[in-house]
Protein chains: 2
Amino acid sequence: MAGVSRQTVSRAVNDKGEIDPGTKERVLEAARVLDYRPSRFARGLVRKGTVTVGLVIPDLMNPFFPEVAAGVLEAAELRGWQVVVWDSRTDEAREREALDVLSHQADAVVGYFKNEDDVLARRLGGVPLVLLERGPQRTRFGAVGIDVAGGMEQGLAHLVRAGHRRIGMLDGERSEGPGERREAFLREVRRHGLAVDDSWVVLCPEQSVAGGEAGAEQLLRVRPEVTGVVGFNDLIAVGAMRAARRRGLRIPDDLAVLGFDGLSLGELVEPALTTLHIDKRRLGRLAVEQVARLRAGEEPLSGTDAWVIPELVVRASA
Amino acid sequence: MAGVSRQTVSRAVNDKGEIDPGTKERVLEAARVLDYRPSRFARGLVRKGTVTVGLVIPDLMNPFFPEVAAGVLEAAELRGWQVVVWDSRTDEAREREALDVLSHQADAVVGYFKNEDDVLARRLGGVPLVLLERGPQRTRFGAVGIDVAGGMEQGLAHLVRAGHRRIGMLDGERSEGPGERREAFLREVRRHGLAVDDSWVVLCPEQSVAGGEAGAEQLLRVRPEVTGVVGFNDLIAVGAMRAARRRGLRIPDDLAVLGFDGLSLGELVEPALTTLHIDKRRLGRLAVEQVARLRAGEEPLSGTDAWVIPELVVRASA
DNA sequence: TTGTAAGCGTTATCAA
DNA sequence: TTGATAACGCTTACAA
């Protein structure tokens with residue numbers, strides 16, 4: 001339409017030099033009229049370099065995950081990478097769908113997955129994967145973990161120090177075996193010689209405030225003698241506080257509540273939530289770093305280098 | 001390496017029929033060894049159909065936006081589209097950078113922008129754009145708005161009904177002129193004939209709980225006679241509650257606080273926040289719908305069809 | 001069941 | 001300042 005070769009179009013569109021201003025204007029005008037837009041595929045084919053990473057998040061309504069995502073976004077942007085986000089809603093089937101798509105559309109995938117390594121590998125078709133919150137030992141993929149054991153240790157030490165012996169847990173992980181947090185809880189409880197076993201752990205119907213309320217109701221019914229609770233995460237812990245409150249229990253005097261996450265939400269509730277704070281942004285940033293290593297063919301960070309260590313933040317609830 | 005043509009490789013990799021199982025295995029094995037992965041660009045070039053939309057979010061730490069994002073993700077997935085997310089951190093320069101990238105890498109852009117239409121258009125290079133929370137009248141792009149006027153009307157009616165006459169506002173929008181919410185507030189306040197003017201509006205340093213606290217401190221200093229406050233959003237309103245509390249004011253007796261957003265956070269604070277609830281997921285879904293229309297060359301929805309209407313949720317704080 | 005040939009829309013290179 | 005030609009890596013005919 002502008003009567004020039006496609007090469008000249010390219011020069012006009014890409015703002016290269018080596019083109020007559022008049023020609024350029026003519027080309028751009030034609031482009032406007034024709035509503036022409038360069039194909040990103042053809043471009044990508046010819047200019048390498050656009051890296052896209054897929055991010056699979058289980059639950060955008062839990063403030064924990066947006067913060068992890070923010071870390072991923074931040075680190076990705078620094079590298080000039082793009083991030084495609086998928087919400088898996090903690091559904092294994094949806095996780096697989098996400099991989100089916102992302103393995104074709106992304107150069108690497110980062111995220112939370114409940115599916116087995118084998119299942120993941122099959123859908124991945126060779127695309128590098130970095131698992132979030134899975135200990136580096138527990139997968140064959142790249143991983144960034146949380147030092148749950150260390151966190152639980154601090155948390156339980158704190159409760160025991162405050163005189164608690166009858167401590168329950170509100171679990172949030174519905175998987176085959178016991179999840180990492182529940183295991184760590186039971187280990188610590190044993191180490192302190194408390195008369196506490198599996199029956200002191202209640203599985204909440206969901207990882208939310210409502211789920212925590214329901215779980216706490218049940219725990220208080222089954223173990224009314226409980227004086228301290230550890231929540232699987234902050235949302236659940238806040239739920240426990242509400243349930244306790246509704247029962248007329250004072251916090252922390254009648255029931256001490258400990259969270260696990262360090263959401264800013266915890267500072268706003270009454271009383272403020274004592275919690276094991278996790279640097280979520282760092283988690284996300286580390287994940288991107290792992291992707292970079294994988295892509296470069298290097299060994300991913302492992303052990304404590306790829307760990308985020310929870311830090312006990314004592315507030316009023318425990 | 002497998003000694004076959006690339007067409008056969010294609011068949012093997014894409015799981016087509018018309019291939020000998022042995023050959024297929026051989027090819028896949030070679031692919032594994034060579035760590036071969038099809039180029040998504042070359043694929044995209046030849047099979048049309050992969051749609052990517054860019055989503056520009058101002059602040060992932062405000063629970064409002066992840067929920068909007070969830071709506072966008074949901075609607076996009078339904079259409080088989082992908083979503084690339086960018087965090088602009090409410091920074092105009094970052095908004096422009098986002099557009100520079102996304103206009104090349106996405107087929108459409110959805111998001112929050114403070115930049116002028118002209119600035120946006122220049123960076124867009126013809127890529128369709130849908131603005132979030134900008135009235136359809138106020139932009140030449142597609143838009144999905146919130147009926148701020150209607151919301152404010154409900155909110156102020158509620159406060160006035162409760163007997164408040166000295167009502168302040170904690171604004172959160174730092175722009176040239178007054179933002180939409182502030183304008184609506186002033187309009188309503190005038191309509192009710194209250195002796196309230198600009199000096200009753202304080203601009204918070206940031207749209208967060210801390211920002212709300214700071215703003216409320218100032219408002220209480222300048223207008224100690226205030227008995228009701230409208231927050232720019234829920235985060236700011238919660239901050240106001242904290243500031244008031246710290247001053248020894250009881251809520252809602254000494255100071256009524258009204259939020260604007262309907263975050264679930266509001267149900268957890270003490271007292272629970274009365275707020276103008278917005279269906280954030282719907283906002284996101286509508287935006288994707290607008291994109292679909294734009295792409296199809298149809299007129300985008302306009303007027304009230306592209307509006308989300310706030311709903312007053314009365315809880316304890318006002 | 002396999003291979004050959006054409007073409008997807010762009011940019012780089014080099015010649016005009 | 002412009003254009004011709006050759007990639008880029010894949011898929012879809014169609015032929016063998």
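Naming: A, B, ... by sequence-line order, numbering from 1 per chain. Predicted model, so just to flag it, every value in this text is computed and none were measured.
For the pair A/Val56 and A/Ser88, the tightest heavy-atom approach, listed with the atom from each and the gap, is CG1-CB, 3.8 Å. Counting all heavy atoms, side chain and backbone alike, A/Arg181 lies closest to A/Ile146 at NH2-CD1, 4.3 Å.
A donor-acceptor contact under 3.5 angstrom links the side chains of B/Glu206 and B/Ser208, judged on distance only. Side-chain polar atoms of A/His104 and B/Arg40 form no donor-acceptor pair below 3.5 angstrom.
Rounded to 10°, the helix from C/dT1-D/dA16 to C/dA16-D/dT1 has 30° between the axis fitted to its first five pairs and the one fitted to its last five.
Distance, B/Gln105 CD to C/dT10 P: 14 Å, rounded to whole Å. One can place CZ of A/Arg26 at 14 Å from P of D/dT1, the figure rounded to the nearest angstrom. One can place CZ of B/Phe41 at 15 Å from P of D/dT11, the figure rounded to the nearest angstrom. Atom OH of A/Tyr36 and atom P of C/dC8 are 14 Å apart (whole Å). Rounded to an integer number of Å, the gap from A/Arg11 CZ to D/dT1 C1' is 7 Å.
Phosphate proximity of D/dG9 to B/Arg43: absent, as no side-chain N or O sits under 4.0 Å from OP1 or OP2. Using a 4.0 Å cut-off, some side-chain N or O of A/Thr8 falls inside it from OP1 or OP2 of D/dG3. Residue B/Thr23 places at least one side-chain N or O closer than 4.0 Å to OP1 or OP2 of C/dT2. OP1 or OP2 of C/dT11 lies within a sub-4.0 Å distance of a side-chain N or O belonging to A/Ser10. At D/dT11, one or more side-chain N or O atoms of B/Arg47 fall inside 4.0 Å of OP1 or OP2 (strictly under the cut-off).
A/Val9 comes within contact range of no nucleotide atom at all, as no heavy-atom separation falls under 4.0 Å. The residue A/Arg37 sits close only to the backbone: its heavy atoms come under 4.0 Å of sugar-phosphate atoms, none of a base.
Along DNA chain C, the nucleotide closest to B/Val4 and the one closest to B/Leu45 are compared, and the more 5′ of them pairs with B/Val4.
Closest to the B/Ser39 side chain, of the nucleotides C/dT1, C/dT11, D/dC10, is D/dC10. Between D/dG9, C/dT4, C/dT11, one nucleotide has an atom nearer to the side chain of A/Gln7 than all others, and that is C/dT11. For A/Arg6, the side-chain atoms get nearest to C/dT11 when compared with the rest of D/dG9, D/dT11, C/dT11.
Under a cutoff of 6.0 Å and an axis angle of 45°, B/Arg295 and B/Trp81 form a cation-pi pair.
No option in A/Glu67, A/Glu74, A/Glu77 other than A/Glu74 meets the salt bridge (charged side-chain N to carboxylate O under 4.0 Å, His left out) test with A/Arg285. Screening B/Thr139, B/Leu294, B/Leu120, B/Val291 for a side-chain contact (heavy atoms from CB on, under 4.5 Å) with B/Leu129, the sole residue that qualifies is B/Leu120.
The base of C/dG9 has none of its N or O atoms less than 3.5 Å from a complementary donor or acceptor on the side chain of A/Arg40.
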